[in-house]
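Contents: one structure, followed by commentary.
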There are 2 protein chains.
Amino acid sequence: MIESVMHMPGDDPLRAIGVIAKALDGIANIEFKQFDLTRGQYMYLSRICEEPGLTQTQLGERIKVDRATATRAIQQLEAHGFIRRENDDQDRKQKHVWPTEKANQVYPRIRAENEHSTQIALQGFSATEQQQVKQLLLRMQQNVSDNWDFVKRGGVRKY
Amino acid sequence: MIESVMHMPGDDPLRAIGVIAKALDGIANIEFKQFDLTRGQYMYLSRICEEPGLTQTQLGERIKVDRATATRAIQQLEAHGFIRRENDDQDRKQKHVWPTEKANQVYPRIRAENEHSTQIALQGFSATEQQQVKQLLLRMQQNVSDNWDFVKRGGVRKY
DNA sequence: AATTATTAGTTGCAATTGCAACAAGCAACT
DNA sequence: AGTTGCTTGTTGCAATTGCAACTAATAATT
């Protein structure tokens, strides 16, 4: 009985991360419809505005989406005038992605929404706690990135 | 220039949460294919095994998915023998969800994967830091839940 | 130099997702 | 009791996602 309680995932950090992410993604998708952004596009658009010239592969890796998914999302953003694409000068296999003026107008709205969600999420946190959670989350992100790459490329984790 | 650096989302906690979640979800979906689980089903199955008898609505709220999505995922799990559904005794609008033996056999594998991913994510964390991040994340989850509900039901956030 | 292996982006196919509308059931009001 | 409003689960439709296969380009090997 006590053991059962000990092992219940009620305090599972990864689950909390999953739920928070899902909630905020759901909120964002609803709120960004007014800017002509479809599901998930805000993630791509943010990255492209912050790091103009990223290749498609780099973009997909930052967001942790499948290459096919990245391609199609980027195609849509291009079709709706948010971005433009250009081949790399040295390596014609690669394409770089640049924001258009349309994107740069929407980006501050994305930031505003994100700040608001951040305020909500960190409500009741002291300044120290805010710093702490930021640092801890960044370390976690670094910790899991290689695993995603490994498994995505066909690697099999042992456990 | 300095201002621009200050406002760069490099230390955005919500973004880190989104990336971590996406990475771990991607990994989990790949790894659970061997158990006949399709995309995202592990989230539902875990909840159903841990809280047998949840209604569909409760389940969807815990995971933060759309009602239609929950319905369809649950239908699939039922069709593949992982769960069974029953109407509520008092309110025939509601359906409760129960795990089958098949589900109870798979659940420990889901837990094992989750434990492994947790180990990876928390690599290099002291015991104190582990406790900290768990607590902070739980509080964040609580902070955002009402917002999800509000926006999902049509509420409009001001910011 | 020629061949083989790997990589980046793309597309077909099928599954999943979410909005909107609907039906059935229950709650609240008159 | 009858009417209106709300809730739960479902379905149609269209968009998104991810696996697998493909093409073109580049890297590595022979």
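Letters A, B, ... mirror the listed sequences (proteins, then strands); counts begin at 1.
- The CG atom of B/N87 sits 15 Å away from the C1' atom of D/dT7 (whole-angstrom rounding).
- Phosphate proximity of C/dA8 to A/R85: absent, as no side-chain N or O sits under 4.0 Å from OP1 or OP2.
- Rounded to whole Å, the distance from CD on B/Q58 to P on D/dT7 is 15 Å.
- Comparing A/Q94 and B/M43 against DNA chain C, the residue whose closest nucleotide sits nearer the 5' end is A/Q94.
- Both A/Q90 and A/Q41 lie close to DNA chain D; mapped to their nearest nucleotides by heavy-atom distance, the more 5′-ward contact belongs to A/Q41.
- Between the side chains of B/Q76 and B/Y44, no donor-acceptor pair is found at a separation under 3.5 Å.
- Note on B/Q56: a side-chain N or O is less than 4.0 Å away from OP1 or OP2 of D/dT10.
- Donor-acceptor pairing under 3.5 Å is recorded for the side chains of B/Q58 and B/T55.
- Near-neighbour residues of DNA chain D inside residues 59-77 of chain A, defined by a heavy atom below 4.0 Å, number-ordered: A/D66, A/A68, A/T69, A/R72.
- For the pair A/K95 NZ and C/dT11 C1', the interatomic distance rounds to 13 Å; values are reported in whole Å.
- What separates NZ of B/K93 from P of D/dG5 is a distance of 17 Å, to the nearest Å.
- Taking each heavy atom of A/V19 and B/R62 in turn, the nearest pair found is CG2-O, 3.5 Å.
- Phosphate proximity of D/dG18 to A/K152: absent, as no side-chain N or O sits under 4.0 Å from OP1 or OP2.
- Regarding B/L37, its CG atom lies at a distance of 16 Å from the P atom of D/dG18, rounded to whole Å.
- Note on A/R39: a base of the nucleic acid sits closer than 4.0 angstrom, heavy atoms only.
- Under a 4.0 Å N-O distance rule, the pair B/K152/B/E61 does not qualify as a salt bridge.
- Of all non-hydrogen atoms in B/I83 and B/V97, the two that sit nearest each other are CD1-CG1, 3.5 Å.
- Atom C1' of nucleotide D/dT8 and atom CG of B/L54 are separated by 15 Å, given to the nearest angstrom.
- Judged by distance alone, the side chains of B/S117 and A/R157 do bring a donor and an acceptor atom under 3.5 Å apart.
- The structure places CD of B/E113 at 10.5 Å from CD1 of B/I30, a figure rounded to the nearest 0.5 Å.
- With hydrogens and angles left out, the side-chain atoms of A/D25 and A/Y42 include a donor and acceptor closer than 3.5 Å.
- Distance check: B/L45 CG to B/I74 CD1 gives 11.0 Å after rounding to the nearest 0.5 Å.
- When rounded to the nearest whole Å, the span between CG of A/N29 and C1' of D/dA15 equals 12 Å.
- Considering only side-chain N and O atoms, A/T55 lies nowhere under 4.0 angstrom from the phosphate OP1 or OP2 of C/dA8.
- Atom-to-atom, CD of A/E31 to P of C/dG18 comes out at 15 Å; the value is rounded to the nearest Å.
- Among the protein residues, A/R153 comes within range of no part of the nucleic acid, since none of its heavy atoms lies under 4.0 Å from any strand.
- A/K134 contributes atom NZ, which lies 11.5 Å from atom CZ of A/F125 (distance to the nearest 0.5 angstrom).
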Extract from the structure each pairing of a protein N or O with an N or O of nucleotides 1-3 of chain D at less than 3.5 Å, listing the distance.
none

